[in-house]
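Scroll down for the structure; my scribbles are underneath it.
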Amino acid sequence: MNDERKIHNRNTLRSALNHCATELASLNKGMLNIQDALTDHFSANETKSDGERLQAIDAVTQSLEAVSEFLRELSDQCAPDWAANVDEAAASIKLRDVADRLAGREATPSPNSGDFELF
């Protein structure tokens, strides 16, 4: 095993799983905000379809939280010296800021960060 990987804490499996758990927890917070906004928006004239959509959003929000907790638990169970090539794994991620956070680097904003994309 490459000694350099042991030196850099961000290149451990424990660290990588912890970064993933943190990212999912952040996404969960964002989903909670969206859920609150949509609930406020639809609460006055909610249809059955709206209620089903809000329940689906709630299920996604709860799943994000559950996966985050699972990854954090796995992270705690990993030996501190288990190496992982986080840079290689993060290279496949198109959003640079997400890739940076998952790799344990300071996040640099993506060129189209904040752009609204439906397609």
Side-chain angles (χ1 to χ4, degrees):
M1 185 181 325
N2 187 339
D3 288 336
E4 185 178 328
R5 284 190 185 172
K6 286 186 178 181
I7 295 169
H8 298 294
N9 187 34
R10 70 179 186 85
N11 284 325
T12 65
L13 185 57
R14 174 183 278 186
S15 178
L17 290 172
N18 194 40
H19 290 305
C20 288
T22 300
E23 185 69 17
L24 286 170
S26 177
L27 291 171
N28 179 55
K29 287 180 185 178
M31 285 299 296
L32 285 170
N33 289 334
I34 291 169
Q35 186 176 344
D36 288 346
L38 289 174
T39 300
D40 291 345
H41 178 74
F42 289 118
S43 62
N45 300 315
E46 185 177 319
T47 66
K48 181 179 178 187
S49 176
D50 294 336
E52 290 170 352
R53 289 178 184 158
L54 290 171
Q55 286 178 337
I57 291 170
D58 185 55
V60 170
T61 303
Q62 290 180 39
S63 294
L64 285 169
E65 182 178 22
V67 174
S68 174
E69 291 171 1
F70 176 78
L71 289 174
R72 196 162 317 276
E73 180 61 31
L74 281 179
S75 170
D76 291 344
Q77 294 178 24
C78 288
D81 62 342
W82 286 357
N85 189 337
V86 295
D87 292 323
E88 184 177 315
S92 67
I93 299 172
K94 293 179 182 178
L95 297 174
R96 177 161 306 279
D97 54 335
V98 174
D100 286 344
R101 286 191 300 271
L102 291 177
R105 299 184 295 255
E106 186 174 328
T108 54
S110 296
N112 27 341
S113 182
D115 286 354
F116 184 63
E117 282 188 38
L118 291 176
F119 306 102

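We number each residue from 1, following the sequence as shown.
How far CG of Asp40 is from CD of Gln35: 10.5 Å, rounded to the nearest 0.5 Å. For the atom pair Gln55 CD and Gln62 CD, the distance stands at 10.5 Å (nearest 0.5 Å). To the nearest 0.5 Å, atoms CZ (Arg72) and CD (Gln77) are separated by 13.5 Å. Note that CD1 of Ile57 and CG of Leu38 are 4.5 Å apart. Values are rounded to the nearest 0.5 Å.
A donor-acceptor contact shorter than 3.5 Å is absent between the side chain of Ser68 and the backbone of Leu64. Here the side chain of Ser75 pairs a donor or acceptor atom with the backbone of Arg14 at under 3.5 angstrom. With hydrogens and angles disregarded, a donor-acceptor distance shorter than 3.5 Å links the side chain of Thr22 to the backbone of Asn18. In terms of modelled atom types and a separation under 3.5 Å, the side chain of Ser15 and the main chain of Asn11 share no donor-acceptor contact.
Residues Leu17 and Cys78 form a side-chain contact, since some pair of their non-hydrogen atoms from C-beta on lies under 4.5 Å apart. Contact check for Arg105 versus Asp87: side-chain heavy atoms found under the 4.5 Å cut-off.
Hydrophobic clustering keeps Leu54 apart from Leu32 (ILVMFWY residues linked when any side-chain heavy atoms are closer than 4.5 Å, directly or through intermediates).
Residues forming a side chain to side chain donor-acceptor pair (under 3.5 Å) with Arg101 (at least two apart in sequence, or on another chain): Glu23.
The minimum heavy-atom distance linking Ala107 with Asp100 is given by the pair CA-CB, 3.6 Å. Residues Leu71 and Cys20 come closest through the heavy atom pair CD1-CB, 3.7 Å.
Residue Glu106 qualifies as open at atom CD: its count of foreign heavy atoms under 6.0 Å is 12 or below.
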